[in-house]
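Scroll down for the structure; my scribbles are underneath it.
What you are looking at is a predicted structure, and each value in this text was computed from that prediction instead of being measured. Atoms within each ligand, like the ligands themselves, are counted from 1 in listed order.
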Amino acid sequence: MPTLIHNVTLATMTKADLGLIPNAALAIENGVISWLGSAENIPLELAQNAQKVNGNGGLLTPGLIDCHTHLVWGGSRAHEFKQRLHGASYADIAAAGGGILSTVTATRAASEHELFEQAKSRADALMAQGVTHIEIKSGYGLSVEHELKQLRVARRLGAELPLCVHTTLLAAHALPPEYKGRTDAYIDLVCNEILPAAAAEKLADAVDVFCENVGFSRAQTEKVFQAAKAHGLPVKLHAEQLSNQNGAALVAQYQGLSADHLEYLSEQGVAAMAQAGTVAVLLPGAFYFLRETQLPPVAQLRAAKVPMAIATDANPGTSPFTHLPLMMHMACTLFRLTPEEAWLGVTAHAAKALGVANSGTLAVGNRADLALWKLNAAEDICYEIGANPLRQRWFAGVAT
Ligand code: DI6
Ligand code: FE
């Protein structure tokens, strides 16, 4: 039996103004959207036979999509947060074995089950805010065994929770201690062993690299991109977060799905992304937590019509946040996105950053991943952070 959600305003996310349809309804059949439009145009068949759900005047949107997370990690870096506030420097913390490698140590020591339980609670927090799709990267294993362990945990989250999980291999996230001083040798391990093993087990939907002066060089990044291409995997990139490595132009050259962070993105990078259709994924949580001052060039991205997405970048070191509406608020407050851009950034543009065609908008045939909100206006979600305005959510048409 079809379900008809009525007495709602639809935000289809198919236009810059969100494609609002007041006094509207939407029908679900077999897990997909089968009809949507003004209530006055509801087909008689639906009006007579569908199971009715009264939306009580709420705003019905696509489910939110968090298109950049490192959700599977072991351990915690809260103590480093405290040390830094007591005056320790990054160098002090790194010298004491802290930083990203301390998360690598903790992730390697954790079992798949432990990692699953910890990541599940983070995923539950995101789902409680209307998130129906998340991307999860590896990048804290840094070996065949432990990178695949992270990705298997991500796949299990997608299998056991109602939300959709898209996985990304980020083995080129940091240099493991056993490869200290041998970066090129580690990149060979990534290209010749880790990536092929992940591809063979179908554990990765995309491949990512941390292209940065404290990460991997443009040349090393390109080697990983070549390996990804050889295995038919799309690419995305942590690009221009702390400096301009011309990473965005490189991922655009490979028709990459997205370039992420982008605080130091150049005009050439903007042009290359616009040309390639590569999505700009903005990560205000990391900018805020690191107390950065260099803003991403939002005005240039807007003028070049580069789609902008927004994500949590949930990770223990630089963005310990599993709250996507807060990221929408920060994208507006810190990066000056409009509320409409923020909504598109966690729906249609986030879907594009994951290469997902049938989600992120309300359209006939799309998966019925939906969120119903009690909001006076769409912009309220980016303005007021506190009480959760989510009233109902549907995962592939099932109200949960
Ligand atoms: N950029 C970041 O901000 C995180 N990774 C990356 O490529 C940092 C991850 C961590 O510190 O655990
Ligand atoms: Fe990240």
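Enclosure of atom NZ in K149 by more than 12 non-hydrogen atoms of other residues, nucleotides or ligands within 6.0 angstrom is indicated.
With 3.5 Å as the limit, one finds no donor-acceptor pair spanning the side chains of Q129 and N388.
With sequence neighbours left out, F216 forms a ring-ring contact (aromatic ring centres under 6.0 Å, His included) with no residue at all.
If you look at ligand 1, the protein residues with a non-hydrogen atom under 4.0 Å away are R77, I100, Y140, H173, F210, H238, Q241, H261, N315, G317, T318.
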task: Any chance you could lay out the ring-ring contact (aromatic ring centres under 6.0 Å, His included) test for Y140 and H173, step after step, and finish with the verdict?
output: CA-CA 8 Å; Y140 290 117; H173 188 204; 5.3 Å; yes

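With respect to K15 and D17, no salt bridge is recorded, no charged nitrogen being found less than 4.0 Å from a carboxylate O. With respect to the salt-bridge test (charged N to carboxylate O, under 4.0 angstrom), the residues K236 and D208 do not qualify. Taking 4.0 Å as the cut-off between side-chain N and carboxylate O, K137 and E135 count as a salt-bridged pair.
Tally of protein N, O or S atoms closer to the Fe ion (ligand 2) than 2.8 Å: 4.
Here CG of L169 is found 11.0 Å from CG of D205. Values are rounded to the nearest 0.5 Å.
Under the side chain to side chain donor-acceptor pair (under 3.5 Å) criterion, the residue pairs touching residues 275-304 are R302-E341, with sequence neighbours excluded.
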